[in-house]
Amino acid sequence: MTVRLSMTIRCVALAFALTLLSGCGVDNTLSGSLSESISLEANQTVIARNADALQVTYLVNRDVFVDVVIRLSVSLKGVAVKPGAKIDLAGDYEPGHPRAVVSHAPGGEPTRVLPRIKRGDLSIASGGEIGKPMRGDFSVLFETEGGDFGGGRTLSGIFAGDVADGGFGPLP
């Protein structure tokens with residue numbers, strides 16, 4: 001009985017430690033039921049922003065091609081990009097203009113847009129300024145209709161990296 005109890009305590013402690021470790025250092029991953037339609041494997045993430053938008057792009061290198069596995073583009077109109085911010089990704093920032101758009105562009109093929117976001121948000125854990133490290137996550141549920149594929153599916157992502165300047169530079 002003592003051996004069985006001791007073994008149970010060890011198993012619970014090991015499971016707890018593995019749970020803690022699995023949340024640490026896991027950057028730039030994608031998951032969700034969208035994986036039933038496309039591979040969500042990515043080996044590079046690019047974060048870019050300007051005054052108008054934030055874009056998180058997950059890429060995978062396939063020798064000759066570089067695939068855009070997922071690109072999440074978010075309008076920043078009326079939104080502050082700062083640690084602790086939570087941005088609602090559903091709906092429009094103005095009538096007819098979605099707050100966020102998700103696309104997929106495998107190398108050598110046309111870009112495909114996923115359906116509008118029914119529910120979802122993006123959370124900024126740290127950073128957000130151009131040229132500085134940023135860390136965050138997002139989770140969405142797509143509408144069942146519209147888009148090229150992915151209706152009714154879910155997508156979640158964790159991202160971390162330096163924020164590139166997505167601006168166009170000074171106007172002539």
Side-chain angles (χ1 to χ4, degrees), residues 22-77 79 81 83 85 87 89-90 93 97-172:
S22 69
C24 299
V26 178
D27 295 334
N28 305 317
T29 59
L30 291 166
S31 61
S33 66
L34 188 61
S35 67
E36 297 169 12
S37 300
I38 62 168
S39 170
L40 296 178
E41 180 184 331
N43 56 21
Q44 182 182 1
T45 303
V46 177
I47 305 167
R49 80 166 275 209
N50 60 26
D52 299 318
L54 170 70
Q55 194 170 71
V56 181
T57 306
Y58 295 83
L59 305 165
V60 67
N61 186 333
R62 288 189 304 124
D63 296 324
V64 175
F65 295 109
V66 175
D67 295 350
V68 173
V69 178
I70 290 294
R71 174 171 283 150
L72 171 65
S73 301
V74 181
S75 169
L76 297 179
K77 188 167 187 168
V79 174
V81 178
I87 301 170
L89 299 176
Y93 66 90
H97 299 277
R99 169 67 68 191
V101 174
V102 179
S103 60
H104 170 69
E109 296 180 27
T111 299
R112 300 187 304 176
V113 178
L114 280 82
R116 288 179 62 105
I117 296 171
K118 182 175 184 177
R119 264 191 329 264
D121 57 45
L122 179 141
S123 298
I124 300 171
S126 63
E129 295 177 35
I130 295 171
K132 307 271 181 173
M134 180 179 190
R135 186 174 210 76
D137 62 82
F138 70 91
S139 181
V140 299
L141 168 65
F142 295 104
E143 293 282 353
T144 55
E145 301 291 322
D148 296 320
F149 72 100
R153 304 247 182 228
T154 60
L155 176 66
S156 298
I158 298 170
F159 58 90
D162 291 341
V163 179
D165 186 347
F168 298 106
L171 294 174

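Looking only at side-chain heavy atoms (C-beta outward), Ile87 and Phe138 stay at 4.5 Å or farther from each other. Within the 4.5 Å cutoff, no side-chain heavy atoms of Asp27 are placed close to those of Thr45. A 4.5 Å side-chain heavy-atom check between Phe159 and Leu72 finds every atom pair outside the cut-off. Using a 4.5 Å heavy-atom threshold, the side chains of Ile38 and Ile70 count as touching.
Taking Phe65 as the reference, Arg62, Asp67 meet the side chain to side chain contact (heavy atoms under 4.5 Å, CB included) condition, with sequence neighbours excluded. Taking Ser39 as the reference, Glu41 meet the side chain to side chain contact (heavy atoms under 4.5 Å, CB included) condition, with sequence neighbours excluded. Shown here are the side chain to side chain donor-acceptor pair (under 3.5 Å) partners of Glu36, two or more places apart in sequence or in another chain: Arg153. In this structure, the ring pair (Phe, Tyr, Trp, His ring centres under 6.0 Å) partners of Phe149, at least two apart in sequence or on a different chain, are His104. Checked against side chain to side chain contact (heavy atoms under 4.5 Å, CB included), Ser75 has the following partners two or more places apart in sequence or in another chain: Lys77, Tyr93, Arg99.
Summarising the geometry, atom OG belonging to Ser37 is positioned 11.0 Å from atom CG belonging to Leu155; distances are rounded to the nearest 0.5 Å.
Checked against Thr154 for a side-chain hydrogen bond (donor to acceptor under 3.5 Å, both in side chains), the options Ser139, Ser35, Ser33 give a single hit: Ser33. When each of Ile47, Val81, Val56 is tested with Val163 by the rule side-chain contact (heavy atoms from CB on, under 4.5 Å), just one qualifies, namely Ile47.
When all heavy atoms are compared, the tightest approach of Asn43 to Val60 is OD1-CA, 3.4 Å. For the residue pair Tyr58 and Ile158, the shortest heavy atom distance occurs at OH-O, 3.0 Å. Nearest heavy atoms, Ala105 versus Thr111: CB-OG1, 3.6 Å.
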Determine all donor-acceptor pairs shorter than 3.5 Å in which one atom belongs to a side chain in residues 113-134; sequence neighbours excluded.
{"unit_1": "Arg116", "atom_1": "NH1", "unit_2": "Asp92", "atom_2": "OD1", "d": "3.3"}
{"unit_1": "Arg116", "atom_1": "NH2", "unit_2": "Asp92", "atom_2": "OD1", "d": "2.4"}

